[in-house]
Amino acid sequence: MLIATFNINNVNKRLENLLAWLREAEPDVVCLQELKCDDRSFPAAVLRQEGYEAVWKGQKSWNGVAILARGAEPVLTRTALPGDPADHQARYIEAAVKGVLIGCLYAPNGNPQPGPKFDYKLAWLARLRRHATALRRQDVPLVLAGDYNVAPTEIDVYPTKSYEDNALVQPESREAFRRLVGRSWIDAIRVLHPGQRIYTFWDYRRYRWERDAGLRLDHLLLTPNLGDRLAAAGVEREARGREGASDHAPAWIRLR
DNA sequence: ATGTCTAAAGTATTTAGA
């Protein structure tokens with residue numbers, strides 16, 4: 001079972017890129033972020049023609065998340081992260097697919113920091129941790145996949161000083177991620193590739209793709225009960241090099 | 001290391017967000 005997460009950075013603008021990758025990689029489950037479309041303009045019909053059923057939570061211009069399943073209907077369980085009824089940003093959706101609960105998330109970027117956007121980011125990650133803990137206690141097999149907008153450690157950022165003031169690498173951001181992962185959750189890519197520099201995001205600016213000046217921001221966290229099933233994990237870098245590409249590449253895991 | 005890309009607002013170009 002191949003499960004992937006892909007910050008698509010506008011699903012309609014990059015629909016051809018998405019379809020090309022779906023045809024090549026044939027993922028069973030796909031978590032999409034930054035749809036940048038409202039609910040009505042999500043390309044559900046096109047995706048169905050490709051063999052994918054979907055659930056989505058859209059928002060005009062910004063954010064937006066979706067879960068696709070090949071040859072199966074995702075069973076929707078949530079379209080928002082609990083803990084703040086006043087938060088209407090489309091950043092979380094959750095559905096069950098073939099016996100695995102899938103949480104698809106798009107954490108706030110948090111720049112500039114310090115400031116209200118950074119405060120919102122930290123509060124959102126704390127809410128995610130509370131929800132993740134509640135789900136884990138139910139002992140269901142769960143994958144939390146998405147754009148966490150945190151590069152967890154030094155090796156998750158290319159060697160540079162230019163991100164020093166960025167919300168993606170601040171000690172508070174890393175602490176929030178560390179607290180979320182705790183002792184239970186499996187950071188699948190890191191567990192299978194310890195010590196390796198692996199990136200999922202390259203800014204459009206300053207030739208960062210051409211220089212491989214990337215960051216690892218997209219993660220798949222697994223509950224311990226999926227540990228024995230984790231067979232492989234990686235990043236589909238090729239997708240980032242294509243014409244009209246998103247600034248993120250898909251990250252994926254394979255479950256036995 | 002070299003400031004990109006996109007949509008919205010409003011109808012040309014500026015602004016904001018990532």
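When reading the values below, keep in mind they use all heavy atoms of this one structure, side chains included, and skip hydrogens, waters and symmetry mates.
- Both A/Lys60 and A/Arg211 lie near DNA chain B, and the one whose nearest nucleotide falls closer to the 5' end is A/Arg211.
- Between the P atom of B/dA7 and the CG atom of A/Asp38 lies a distance of 14 Å, rounded to the nearest Å.
- Atom NZ in A/Lys36 sits about 16 Å away from atom P in B/dA16, given to the nearest Å.
- We find that CZ of A/Arg208 is positioned 10 Å from C1' of B/dT2, with the value rounded to whole Å.
- One finds no salt bridge joining A/Asp38 and A/Lys60 here, because no Lys/Arg side-chain nitrogen approaches an Asp/Glu carboxylate oxygen to under 4.0 Å.
- Between A/Trp209 atom CH2 and B/dT2 atom C1' there is a gap of 19 Å when expressed in whole angstrom units.
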Identify each atom pair where a protein N or O and an N or O of nucleotides 4-6 of chain B are less than 3.5 Å apart, giving names and distance.
unit_1: B/dT4; atom_1: O4'; unit_2: A/Tyr204; atom_2: O; d: 3.4

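- Using a 4.0 Å heavy-atom cutoff across all strands shown, A/Tyr106 reaches sugar-phosphate atoms only and no base atom.
- Rounded to an integer number of Å, the gap from CG of A/Asn166 to C1' of B/dA18 is 10 Å.
- Atom pair A/Asp247:CG and B/dG17:C1' shows a separation of 12 Å (rounding to whole Å applied).
- Salt bridge present: A/Arg178 and A/Glu175 bring a charged side-chain N and a carboxylate O closer than 4.0 Å.
- Aromatic ring pairs are classed by plane angle as parallel below 30°, tilted from 30° to 60° and perpendicular above 60°; the pair A/Phe42 and A/Trp56 is parallel.
- Summarising the geometry of A/His219 relative to A/Val150, their closest heavy-atom pair is NE2-O, 2.9 Å, with the distance given to 0.1 Å.
- Using a 4.0 Å cut-off, no side-chain N or O of A/Ser61 falls inside it from OP1 or OP2 of B/dA7.
- Between A/Trp202 and A/Trp209, the ring-plane angle classifies as perpendicular under the 30° and 60° cut-offs.
- The ring pair (Phe, Tyr, Trp, His ring centres under 6.0 Å) test applied to A/Tyr199 returns no partner, not counting sequence neighbours.
- The separation between A/Asn149 atom CG and B/dA18 atom P is 9 Å, rounded to whole Å.
- Qualifying salt bridge (charged side-chain N to carboxylate O under 4.0 Å, His left out) partners for A/Arg23, counting only residues two or more places apart in sequence or in other chains: A/Glu50.
- Atom CG in A/Asn63 sits about 14 Å away from atom C1' in B/dA7, given to the nearest Å.
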